[in-house]
Amino acid sequence: MNDMTNKWIGQRTIRPDGADKVTGRAQYSADFAMPGMIHAKMLRSPHAHARIRGIDTSKAEALPGVKAVVTAKDVVDFPLDKSVMLGIQDMRWMCRNVMAREKALFHGHPVAAVAAINEEVAAAACALIEVDYEVLPHVIEIEDAIKPDAPILHEWNTFEGKPSNIAGTMVLKTGDVEKGFAEADVVIERTFTSRPVHQGYIEPHACTVSYAADGRVTIWSSSQGQFMVRAMTSLLTGVPQSNIRAIPAEIGGGFGAKTIVYLEPIAVLLSKKSGRPVKMVMTREEVQRATGPAPGSLSTVKIGAKKDGSIVAAQGTFYLQAGGLPGSPLRGPVGCSFAAYAIPNVLSVGYDVVSNRSKVAAYRAPGAPLGAFATECVLDEIAEKLGLDPLEMRLKNSAKAGDKAIYGPVFGEVTFKETVESILHHPHYKAPLDKNPAPGVKRGRGVASGFWYNAGGESSVQVNITEDGNVVVTTGHPDVGGSRASIANVVAELLGIDHSRVSVLIGDTMTIGFSNLTGGSRVTFASAMVATASTEKVIGQLKERAGKIWGIDAEAIKWEDGMALPAGDNAGKFPPLSLKELAAKANEMGGPIGTQVQLNTTGADPGFATHCVDVEVDVDLGIVRVLRYTAAQDVGRALHPGYVEGQIQGGVVQGIGWALSEEYLYDKNGRVDNASFLDYRMPVCSDVPMIDPVVIEIPNPKHPQGVRGVGEAPIVPPLAAIANAVHDALGKRFYALPMSPPRVSERLEQP
Amino acid sequence: MTDIRYLAPSTLDEAVRAFAAASGAARILAGGTDLLVQMRAGIAKPGTIIDIKKIPELTAIEDLGGGAYRIGAAVSGAVLAEHPTFGKAWPGVLEAVNLIGSKQVQGRASPGGNLCNGSPAGDSVPAMVAAGAVVTIQGPNGRRELPVEKVPAGPGRTNLAPGEIVVAFTLPQRPKGSGDAYLRMIPRTEMDIAVVGMGVNLTMEGGVVKAARVGLGAVAPTVLLVEDAAKALIGTKLDDTALEAAAAACRAACKPINDKRGTIAYRIKVAGVLLKRTAAIAARRAGGN
């Protein structure tokens, strides 16, 4: 499959969702409407931290036009003493995140919801709800939350025997770090901070929900998993999964944050109470205040190396800012930071720290960029101190096949070196850089690498042959990164037919078998594998049909160029039978042609990336601009190169925002002061150069097309790569993100 | 929910009458790029909206000769950019007006709206102040004129009396050797609001500054005319000492706040940096005239 004679795999075919999106016909979650539909709004906590002593909804319920009011007492409670997990999500926290229960834990935390004849009445009714708050001292920053006298968010949570905001730990260990550091010629230890950043998807969370008189629920919403929507809604409302049909809308970006629900269970409860379909749409301000950012971090990394650059010991301590409820992605920094390197002695520890801000949600390679920021900056400093090229140093320490990864498994293939070498030999890395092109202008170059686990998991794919001999493929995954286009390429290739004859669509929870989330860089890997199995079964059926028609054994038939042919001269001489001809004869020769395959896929090898960036600093204003960016990654096989490049470019741009400009700003009451795209400064197009992706294709031997996950590894290196480039430009290291103009300016005035 | 009256009078008298009659419950709509956002956010809840774009005087650009222009308050940035000669005489004013919002917003946003919105960070205002623009205002008691820097009263507030509407900006004649420029500091490259905005207008003769005006935005409750900075430039050849003195005057004029868009220390520093950079561009343009 993995060769240059492929007709469709590796082609930049027209995306199946493209025409609808550019003509405005695509149905996003806010685009659905139903007869009799009413509108709902959340009442959100005005306080960063407050105990809820009581809620009186009577005035709101009495307002004309109000159809239903919901509070935490309507949501299924998951008591604090018993963990109930759905994937990586603990339902104790989910039930408290969708609706505050004992306490409001952040400004914007939902405390009640109202459904009414329109949004204005719903909002007016929200204002009539009387919440009896006991306002409590709040804490936002990690440094403050872990102080001994910090306000405690969850009194029942203890750490080392005392009430604490540290809600969890993770430790990975190999060898003896003390012994390792003692053997090192150079040891560098640095502490880094970064701010929480929002995933910044353009489409706000929204849903339309119908709870019918017979108890059957239909949910239209965009998410990274309709089966997740079904399961979480079921758990939080008590409606059995078999009664919930979750229909995936087109999604306007998720980047991890749409792997949990915020609105759907509440809308179901409102629809049940009112007997009307309910629509709920967040404003941008609600999205920024109350939906998941990535955590902020406080990390200390210590690395020891020999004079020749070989790393003998590494220690990482990563505090992540979970928000109001536990659940920081500790396995990101703890497991990924040192994974690309063969280091004999490692101790990597993570702490999950709660504080009064919105609960974190997954964001592209959750937590890994924070770990890489610290680790890859310290490596840069060690290379500088030892007078080594930072890429040569990475090559020297690359993990190898057969090494035991710190997070458990033994590596099969390790293709890290190839990414480093591709940057080392890239014209970008060799190009001369004028470091002081004009007075007050400094330029610098930096590199960094990144690691992400990648994932397999459950996928279901149906392949059905239409009566006119074309193909409909149904998968169970929302398409956030081009999975439909990629699957169309794979199925067209296997069947040997024109790409335009394959339609790929995303089924809902009642029309396709269980499929896990679109996340973890897993969907194209898993669904291509399952689509291959499904298509091969269909080809088997087609050969059987041809065998029946010709009166020969199916084994003696081969499938080529969209046709059944006798496999050799011994099989007999028959004119080829095309897919169209076989489809036309389907019913007389045994019935419809099609199948569904469901697998728990395995074999997703990790992703490696190495980046190189040139920056320019306006010294007087402290502005850092990215001039040139090259990102190398082993993708295994690019089923659709345009989408692969887009994933790499998108990850890099999000990393640039993380490094240079994005942060939440709080007022003294713990309220987010910049809950808008104007003042939460994500990069705009003119802020970034065209990102140059270097797509390395070393096929994954465990995948039929050789695919490796792509979507997450590219956001891991940029934070460190840019910090290293700024150091190269200015001769000063930055240990805190974002490197925004006021911060850079302030740092430049320091000695 | 609430009914809003929308009026689009074709004469200024009608507009003034309607505006005065609404006694505070009306808002003037020029491009609407601030008003509609405020209404959507629930900050503005006008009972009446008076659209002034149907009044010919408010959408006209008049070449008065000798570099002088009269620009209707509701002229959009895009229309001003397409004027055949305006941008040659006043490149700084034009670049400032064209920095309001995005390409799409430029089709609607006007210098009159930018001024009356009362934001100290409005991009066109420092350039207009540097240009020495005079604003024509019409109200129930007739017509009056104010230097542009006298119009803002504080964030979101103006010195317009009830019922008064800004009609036009008049930019004075340009002596030979004049040039203006506007620069702003924003963290991004576009789609942002000025952390500091700087307008400089110079007239040069034989390399010596004969006249200067400096407008400084986003560092105080209103856009400032920094006369000390102008004085520091006049009579000099824009040598480093003169530029540093003018920069120091700009820094001294700053009375900024710490807010989400910038810190006090950073804004003060940037004001000085931008003075030097903007003056250099204005001087280059003056030399080219």
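All values below come from the heavy atoms of this structure, side chains included, with hydrogens, waters and symmetry mates left out.
Contacts between B/Met185 and chain A at a heavy-atom distance below 4.5 Å involve the side chain alone, from C-beta outward. Residue A/Ser745 touches chain B through both its backbone and its side chain, counting heavy-atom pairs closer than 4.5 Å. Contacts between B/Val270 and chain A at a heavy-atom distance below 4.5 Å involve backbone atoms as well as side-chain atoms. With a 4.5 angstrom heavy-atom cutoff, B/Arg267 does not touch chain A via any of its atoms. Looking at A/Ser740, neither its backbone nor its side chain comes within 4.5 Å of chain B, counting heavy atoms on both sides. The contact between A/Glu749 and chain B is made entirely by side chain atoms (from C-beta outward), counting heavy-atom distances below 4.5 Å. If you measure heavy-atom distances from A/Tyr680 to chain B, the contacts under 4.5 Å come from the backbone alone.
Counting only heavy atoms from C-beta outward, the side chains of B/Thr189 and A/Arg625 approach each other to under 4.5 Å. For the pair A/Leu678/B/Lys260, no side-chain contact is recorded, criterion being any heavy-atom separation below 4.5 Å from C-beta on. In this structure the side chain of B/Lys269 never reaches within 4.5 angstrom of the side chain of A/Glu746, judged on heavy atoms.
With a 6.0 Å radius and a threshold of 12 heavy atoms from other residues, nucleotides or ligands, B/Lys45 has its NZ atom at or below the threshold. In the displayed structure, B/Arg5 atom CZ is contacted under 6.0 Å by at most 12 heavy atoms of other residues, nucleotides or ligands. Atom CG of B/Asp239 sits in a crowded spot, with more than 12 heavy atoms from other residues, nucleotides or ligands closer than 6.0 Å. By the 6.0 Å contact criterion, CE on B/Met39 is enclosed, its count of non-hydrogen atoms from other residues, nucleotides or ligands being greater than 12. Under a cut-off of 6.0 angstrom, the local environment of NZ in A/Lys21 is crowded, with over 12 non-hydrogen atoms contributed by other residues, nucleotides or ligands. Counting non-hydrogen atoms of neighbouring residues, nucleotides and ligands closer than 6.0 angstrom, the CD atom of A/Glu143 exceeds 12 such neighbours. At most 12 heavy atoms of other shown residues, nucleotides or ligands fall within 6.0 angstrom of atom CZ in B/Arg108.
Going from atom CD of B/Glu190 over to atom SG of A/Cys685 covers 7.5 Å, rounded to the nearest 0.5 Å. To the nearest 0.5 Å, the span separating CG on A/Leu665 from CG on B/Asn258 amounts to 11.5 Å.
The residue among A/Asp667, A/Ile623, A/Asp673, A/Thr283 with the most heavy atom pairs within less than 4.5 Å of chain B is A/Asp673. Listed options A/Val684, A/Val624, A/Leu621, A/Leu660 were ranked by heavy-atom pairs under 4.5 angstrom with chain B; first place goes to A/Leu621.
Remark: side-chain polar atoms of B/Arg188 are paired, donor with acceptor, to backbone N or O of A/Met682 under 3.5 angstrom.
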| query | How far apart are the C-alpha atoms of A/Asp618 and B/Arg277, what are their side-chain angles, what is the distance that settles it, and do they pass the salt bridge (charged side-chain N to carboxylate O under 4.0 Å, His left out) test? | reply | CA-CA 12 Å; A/Asp618 179 331; B/Arg277 294 185 183 181; 2.7 Å; yes
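Looking at every heavy atom in both residues, A/Pro742 comes nearest to B/Tyr266 through CA-CD1, 3.6 Å.
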